[in-house]
Amino acid sequence: WAGRWEGTTWLYGRKANVTLQLALDGAACSGTWTVFALEPPTSTVLGLERCAVSAEGLRFTVRPLFLTAETHEARMENGALQGRVTLQSASPYHRQTGTWTLQRVAK
């Protein structure tokens, strides 16, 4: 699980590049989630919260906007991280989900 992972996700209906930098300390983990896109112009680095690894996989939360949180859940498949994200908002009417795939990057 530990290391640098790169891939793509969807941001406002368009592909965006993402990087997960992950460090482990037992079942706990830490690191950053970076999103970069040309349309709409986006470049942000977010710290991981509630990051943990278990037999079921990887789970962490990032907070990209005021009063919103993204919960990411991932599992390892064929050497790649396959992830699903759920967006929680303070508004009970706003819920979104999506998926992503990342490949380990050699140091």
Side-chain angles (χ1 to χ4, degrees):
W1 295 103
R4 179 182 172 100
W5 298 83
E6 294 180 349
T8 59
T9 190
W10 293 94
L11 181 67
Y12 301 110
R14 299 182 191 224
K15 281 195 175 181
N17 295 319
V18 290
T19 301
L20 174 65
Q21 187 69 47
L22 194 61
L24 292 180
D25 183 9
C29 50
S30 61
T32 57
W33 179 254
T34 303
V35 179
F36 177 80
L38 295 176
E39 279 189 54
T42 304
S43 181
T44 187
V45 178
L46 305 165
L48 306 184
E49 299 177 13
R50 297 191 302 264
C51 187
V53 175
S54 68
E56 290 78 40
L58 169 67
R59 182 180 176 98
F60 63 89
T61 299
V62 292
R63 298 186 184 279
L65 300 171
F66 180 68
L67 295 178
T68 64
E70 294 176 1
T71 299
H72 294 259
E73 296 175 322
R75 64 184 187 285
M76 193 83 69
E77 271 187 27
N78 301 320
L81 286 181
Q82 298 290 333
R84 180 176 188 275
V85 59
T86 304
L87 174 69
Q88 295 89 34
S89 172
S91 166
Y93 305 106
H94 190 205
R95 297 287 185 268
Q96 295 181 337
T97 61
T99 60
W100 47 263
T101 301
L102 303 180
Q103 301 292 329
R104 187 184 305 271
V105 177
K107 293 181 180 182

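Computed from heavy atoms alone, side chains included, the values below leave out hydrogens, waters and symmetry copies. Here, residue 1 is the first one in the sequence, and each next residue gets the next number. This structure is a prediction, so every number in the text was calculated from the model and none was measured.
- In the hydrophobic clustering (ILVMFWY side chains linked at under 4.5 Å, chained through shared members), Leu38 is joined by Phe36.
- Pairing each heavy atom of Gln21 with each of Leu48, the nearest pair is O-CD1, 4.3 Å.
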Sequence neighbours excluded and cut-off under 3.5 Å, please list the side-chain donor-acceptor pairs for residues 69-83, or say none.
unit_1	atom_1	unit_2	atom_2	d
Glu70	OE1	His72	NE2	3.0
Thr71	OG1	Gln88	OE1	3.2
His72	ND1	Trp100	NE1	2.9
Glu73	OE2	Arg59	NH1	2.1
Arg75	NE	Glu77	OE2	2.8
Arg75	NH2	Glu77	OE2	2.6
Gln82	OE1	Thr101	OG1	2.9

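- Scored by the salt bridge (Lys or Arg N to Asp or Glu O under 4.0 Å) test, Arg14 finds Glu39 as partners (sequence neighbours excluded).
- Listed by first and then second residue, the salt bridge (charged side-chain N to carboxylate O under 4.0 Å, His left out) pairs involving residues 21-37 amount to none (not counting sequence neighbours).
- Taking the side chain as every heavy atom from C-beta outward, Leu58 and Leu20 approach each other to under 4.5 Å.
- Closest approach of Thr8 and Leu102 over heavy atoms only: N-CD2, 4.4 Å.
- Side chains of Phe60 and Leu22 form no contact here, defined as non-hydrogen atoms less than 4.5 Å apart.
- The disulfide bond (SG atoms under 2.5 Å apart) pairs that include a residue from residues 11-62 are Cys29-Cys51, where partners are two or more places apart or lie in different chains.
- Closest approach of Ala2 and Leu24 over heavy atoms only: N-CD1, 4.1 Å.
- Scanning for side chain to side chain donor-acceptor pair (under 3.5 Å) contacts around Glu49 gives Arg63, with sequence neighbours left out.
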- [ ] Would you check, one step at a time, whether the test side chain to side chain contact (heavy atoms under 4.5 Å, CB included) holds for Arg4 with Thr19?
- [x] CA-CA 7 Å; Arg4 179 182 172 100; Thr19 301; 3.8 Å; yes
